[in-house]
Amino acid sequence: MPDPAAARGLSRRRLRSTGDIRLAEGVEFERLRPADTLHGCLAAVSAENPGKNAIVLVEPPDYRHPARVLSFGDLVAAIEESANLFRAAADGPAVAGVMLPMIPESLTALWGAATAGIGVPLNPFLELDSLVSILARTEAAALVTTREIVESKFRITAADLMSRLPGLARVYYTDDDSTGPNGFAHALAPYRGRGLTFRPDSDPWRDATIMPTGGTTGRPKLVRMSQAAQLSVAS
């Protein structure tokens with residue numbers, strides 16, 4: 001029986017021989033992970049390669065020059081900042097919805113929510129009634145989205161949305177650079193460089209994500225996903 005501790009020390013870049021490969025293949029993949037939580041695994045990668053590119057955002061018309069690049073160090077820091085913010089907004093374990101296009105915040109906010117409690121990824125093409133239903137059923141305390149989605153698509157304000165959802169304490173806009181209550185970057189500022197300000201729940205089998213299914217027009221069905229299940233899918 002291969003030694004799991006020895007196999008766990010191997011990363012892809014260290015598989016330099018047939019013996020390395022056989023050692024890794026002989027151990028259940030769950031035992032090869034450096035941690036049992038989403039944050040723990042990303043933090044372990046960051047500790048080894050903090051400057052390595054983790055997210056590269058390209059946008060038209062120039063796909064040759066990235067619009068934004070986040071290193072693994074940047075990624076983990078952003079996740080921790082988001083987790084701290086959501087935890088403070090809910091005064092405890094939090095549920096936060098993330099309704100964004102594919103930008104870095106769509107991942108950092110979602111993984112931050114999963115670290116603080118539960119993240120709810122939301123399709124920006126949802127109808128307003130479906131959005132309200134999902135946020136109500138998941139008891140979300142915060143929503144990260146854009147002003148364009150809320151005010152241009154839904155034709156309401158953040159205050160209007162919160163009035164329909166008494167449990168929704170905060171609505172943050174990633175496209176709002178102001179110091180007002182809806183500016184996501186401004187809300188994150190007090191947590192920069194602090195690491196996690198709370199002790200996260202390390203249970204790999206707790207609910208970390210609630211995934212709405214059913215498309216953008218059908219009645220949403222909610223799927224509970226643990227950290228362990230998500231890591232298994234990613235392995």
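For clarity, every value in this text was computed on a predicted model and none was experimentally measured.
The two atoms that bring Leu128 and Ile156 nearest to each other are CD1-CD1, 3.9 Å, heavy atoms only. The two residues Ala187 and Pro190 make their nearest non-hydrogen contact at O-CD, 3.2 Å. Listed here is the closest heavy atom pair of Phe86 and Ala116: CB-CB, 4.2 Å. In terms of heavy atoms, Thr174 sits closest to Phe184 at CG2-CD2, 3.8 Å. Contact between Gly180 and His186 at its shortest, heavy atoms only, is O-CD2, 4.0 Å. Minimum heavy-atom separation, Asp36 to Pro204: O-CB, 3.2 Å.
No donor-acceptor pair closer than 3.5 Å links the side chain of Asn182 to the backbone N or O of Tyr173. Side chain of Asn123 to main chain of Phe125: a donor-acceptor pair is present (N/O by atom type, distance under 3.5 Å, no hydrogens or angles). The backbone N or O of Ala78 sits less than 3.5 Å from a side-chain atom of Ser82, completing a donor-acceptor pair. With hydrogens and angles disregarded, no donor-acceptor distance shorter than 3.5 Å links the side chain of Ser130 to the backbone of Leu126. Remark: the backbone N or O of Asp207 is not paired with any side-chain donor or acceptor of Ser226 at under 3.5 angstrom. Not one N or O on the side chain of Ser152 forms a donor-acceptor pair closer than 3.5 Å with the backbone of Ile149. Side chain of Thr115 to main chain of Trp111: a donor-acceptor pair is present (N/O by atom type, distance under 3.5 Å, no hydrogens or angles). Side-chain N or O atoms of Arg87 include none that pairs as donor or acceptor with a backbone N or O of Thr197 at under 3.5 Å. The closest donor-acceptor contact from the side chain of Ser46 to the backbone of Val76 lies at 3.5 Å or more, if one exists at all.
When the shell of 6.0 Å around CZ of Arg137 is examined, it contains more than 12 heavy atoms from other residues, nucleotides or ligands.
Tyr191 and Ile79 fall into different hydrophobic clusters, where Ile, Leu, Val, Met, Phe, Trp and Tyr side chains are chained together by heavy-atom contacts under 4.5 Å. Both Phe154 and Val171 are assigned to one and the same hydrophobic cluster, defined by single-linkage of ILVMFWY side chains at heavy-atom distances under 4.5 Å. The same ILVMFWY cluster, assembled from side-chain heavy atoms under 4.5 Å apart, contains both Val95 and Val132. Linking ILVMFWY side-chain heavy atoms closer than 4.5 Å, directly or via other members, places Val120 and Val150 in a single hydrophobic cluster. Leu222 and Leu131 fall within a single hydrophobic cluster, where Ile, Leu, Val, Met, Phe, Trp and Tyr side chains are chained together by heavy-atom contacts under 4.5 Å.
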>> Between Glu81 and Asn84, does the side chain to side chain contact (heavy atoms under 4.5 Å, CB included) criterion hold? Intermediate values first, please.
In response: CA-CA 5 Å; Glu81 291 163 10; Asn84 292 336; 5.6 Å; no

> Is there a side chain to side chain contact (heavy atoms under 4.5 Å, CB included) between Tyr172 and Leu143 once you walk through the steps?
Replying inline: CA-CA 6 Å; Tyr172 299 110; Leu143 172 67; over 6 Å; no

>> Evaluate Leu70 against Thr108 for side chain to side chain contact (heavy atoms under 4.5 Å, CB included), listing each step before the verdict.
In response: CA-CA 10 Å; Leu70 268 67; Thr108 60; 4.2 Å; yes

>> Would Leu135 and Leu122 count as a side chain to side chain contact (heavy atoms under 4.5 Å, CB included) here? Give the steps.
In response: CA-CA 9 Å; Leu135 293 176; Leu122 297 159; 3.9 Å; yes

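For the atom pair Leu75 CG and Lys52 NZ, the distance stands at 13.0 Å (nearest 0.5 Å). Separating the CD atom in Glu80 from the CG atom in Leu196 is a distance of 4.5 Å, to the nearest 0.5 Å. The CE atom of Met225 sits 10.0 Å away from atom CG of Leu231, with the distance rounded to the nearest 0.5 Å. Met102 CE to Leu107 CG: the interatomic distance, rounded to the nearest 0.5 Å, is 5.0 Å. Put simply, OG1 on Thr138 and CD1 on Ile210 are 6.0 Å apart, with the number rounded to the nearest 0.5 Å.
One finds no salt bridge joining Lys153 and Glu148 here, because no Lys/Arg side-chain nitrogen approaches an Asp/Glu carboxylate oxygen to under 4.0 Å. Salt-bridge annotation for Asp74 and Arg68: absent, with no side-chain N of the basic residue lying under 4.0 Å from a carboxylate O of the acidic one. Taking the charged nitrogens against the carboxylate oxygens, Arg147 and Asp175 have no contact shorter than 4.0 Å, which rules out a salt bridge.
A donor atom on one side chain and an acceptor atom on the other are found under 3.5 Å apart for Thr209 and Gln230. In this model, no donor atom of one side chain and acceptor atom of the other lie less than 3.5 Å apart for Ser163 and Asp160. Counting only N and O atoms by type, the side chains of His39 and Gln227 include no donor and acceptor under 3.5 Å apart.
With a 4.5 Å cut-off on side-chain heavy atoms, Leu57 and Pro104 count as touching. Pro212 has its side chain within reach of Ile134: a pair of non-hydrogen atoms, C-beta onward, lies under 4.5 Å apart.
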